[in-house]
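The structure displayed is predicted, hence computed values, not measured ones. In the text below, chain A, chain B and the rest are named by the order of the sequence lines, each starting its count at 1.
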There are 2 protein chains.
Amino acid sequence: MSHAEKEITRIMSILTSAIAEHRLPPGTRLKEEVIAGLLEANRNHVRAALRRLAIEIKVVSLVPNKGARVAQPSRDEAKDVFSARLVLEKAVVEQAVAQMSPAKANALLKQLEKEAQAIRANDRQRMIRESGEFHKLIAQISGNRVLAELLEGLITRTSLIIALYQETTDVKCALEEHQRLAQALIDKNPDTAIALTEEHMHSIESHLQLDLVEKEIDLGLALGVNFSV
Amino acid sequence: MSHAEKEITRIMSILTSAIAEHRLPPGTRLKEEVIAGLLEANRNHVRAALRRLAIEIKVVSLVPNKGARVAQPSRDEAKDVFSARLVLEKAVVEQAVAQMSPAKANALLKQLEKEAQAIRANDRQRMIRESGEFHKLIAQISGNRVLAELLEGLITRTSLIIALYQETTDVKCALEEHQRLAQALIDKNPDTAIALTEEHMHSIESHLQLDLVEKEIDLGLALGVNFSV
DNA sequence: TGACGATAAATTGTTAACAATATAGTTTGA
DNA sequence: TCAAACTATATTGTTAACAATTTATCGTCA
């Protein structure tokens, strides 16, 4: 891995974390020079990182000549992401059960403890991060690198969607659901594990406002003005 | 979409087709200048395209300072790709059944006819292409853009894997399996469609030599020389 | 002969200057 | 006062020159 690639992935991962952990809200302008200055990086590298985030994970949106912003996925896109993620999560859980071992069980328990710590500390960002890490750990345990990589992108994307469409600002505490899922994995109980995954994902999605119609706003109405003849 | 982006996607799609249709065998050296000359493109654009093919679809492998080649995925990677693809294909088939309509049924039949034509013409490359298009069409019919995009990458990747690990050089004729699957979709029979998908994917994979161990070759033995003291 | 090293050529990798565009600010005129 | 036109600044986009590295060529010498 060349120096340039290292730089680009470094920048990508800093931006990705910031977006996933809701430190950079959807719509935030991302100026190349500003980022380069903050991260002590070359603008070319920042530029490349932004393009990759736009194309590979779609957490950044690019408008030609106008630059980059944190993406604002539509409700339709959000639904597709959730649906796709559910597919991958179930597959990964199923394969993870087959790969279960004492060491892996231990890794799961350790991760749950991190999540619990974040909650006790009332550290919102850490909660989001560790919750994501739990899902990534399952993907890793599954042993299928391809599935894991695809899922990882969707997990980040989901986090952005939550930032955009979750009404209550308080983090949905998923610890209990995670604990039950982990137990099913450790018990090598695929049916339960898959069922819990399904519940868990639906539970997250149900806290989102994805079913409001993308409203064409009547400007006149909104401004209390009537232009009709 | 800017001019540069258009150029890059143009180059990507030309290279992708060439790799997927086995005109560029695994391991082929891909020199930036040569490609730029052939496609009348800027080397910078070629370079960007190669990098994206390496990162996004993994049909190209990059070695720093040594350039790009058509990738040669390992047997392990190939297995993961097949496993992941099966997951996505099943999901997409399931969602496609729910989206079925006369127009979409028609599109499926039209695509099958293209495949049949390719076979009648004994045009190997067209056979590969149209076979891939059949799977992409189902993904598109499913209506889930996210799943479709992920699957599309895996379809291309699969084609490269087949080039690498299929012993018989003749294209495995999948028309009948495609016809049966299409019928199940048109009949809105999800169970049959999913079962046929599973069979179809396994059938393809079974024609590959993925279970030979990645052998550590004993050089001395291979050369008939014994260096032992 | 053929191993070694030096030189040249080919190829990839990097960068900073420049161009193009968008945004903000300022002047002017009615 | 306001809008339009103009200017200046900020920001993104492009490129070609250059640097670094690898590969090929050639000559030397043991």
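The side chain of A:Lys31 approaches D:dT12 more closely than any other nucleotide in the set D:dT12, C:dT12, D:dT15. Distances from the side chain of B:His45 to the nucleotides D:dG13, C:dG13, D:dT15 place D:dT15 closest. Side-chain proximity of A:Glu32 to the nucleotides D:dG13, D:dT11, C:dA16 is greatest for D:dG13.
Each end of the helix from C:dT1-D:dA30 to C:dA30-D:dT1 gets its own rotation axis from five pairs of C1' atoms, and the angle between them is 10° to the nearest 10 degrees.
A:Thr158 contributes atom OG1, which lies 8.0 Å from atom CD of A:Glu89 (distance to the nearest 0.5 angstrom). A:Ile138 contributes atom CD1, which lies 13.0 Å from atom NZ of A:Lys104 (distance to the nearest 0.5 angstrom).
Contact record, A:Ser159 with A:His22: O-NE2, 2.8 Å, taken as the closest heavy-atom pair.
One can place CE of A:Met1 at 17 Å from C1' of C:dT12, the figure rounded to the nearest angstrom. In this entry the distance linking CZ of B:Arg29 with P of C:dT11 reads 7 Å, nearest Å.
The salt bridge (charged side-chain N to carboxylate O under 4.0 Å, His left out) search around A:Glu149 returns B:Lys58, not counting sequence neighbours. Applying the ring-ring contact (aromatic ring centres under 6.0 Å, His included) test to A:His135 and every residue at least two apart in sequence or in another chain returns A:His178, A:His200. With sequence neighbours left out, the salt bridge (charged side-chain N to carboxylate O under 4.0 Å, His left out) criterion links B:Arg29 to no other residue.
Residues A:Glu77 and B:Arg145 fail the side-chain proximity criterion, which asks for heavy atoms closer than 4.5 Å. Side chains of A:Leu108 and A:Phe134 form a contact here, defined as non-hydrogen atoms less than 4.5 Å apart. Between A:Thr156 and A:Val59, some side-chain heavy-atom pair lies under the 4.5 Å cut-off. Residues A:Ile19 and A:Thr28 fail the side-chain proximity criterion, which asks for heavy atoms closer than 4.5 Å.
Residues of residues 3-11 of chain A that place a heavy atom closer than 4.0 Å to DNA chain D do not occur. Interface residues of residues 46-72 of chain B facing DNA chain D, ordered by number: B:Asn65, B:Lys66; criterion, heavy-atom separation under 4.0 Å.
Applying the 4.0 Å criterion to OP1 and OP2 of D:dT14, one finds that B:Asn42 has every side-chain N and O outside that range. Contact between the side-chain N/O atoms of B:Arg43 and the OP1/OP2 oxygens of C:dA10 is not found at any separation under 4.0 Å.
Salt-bridge formation is detected for the pair A:Glu56/A:Arg52: a Lys NZ or Arg NE/NH1/NH2 atom is positioned less than 4.0 Å from an Asp or Glu carboxylate oxygen.
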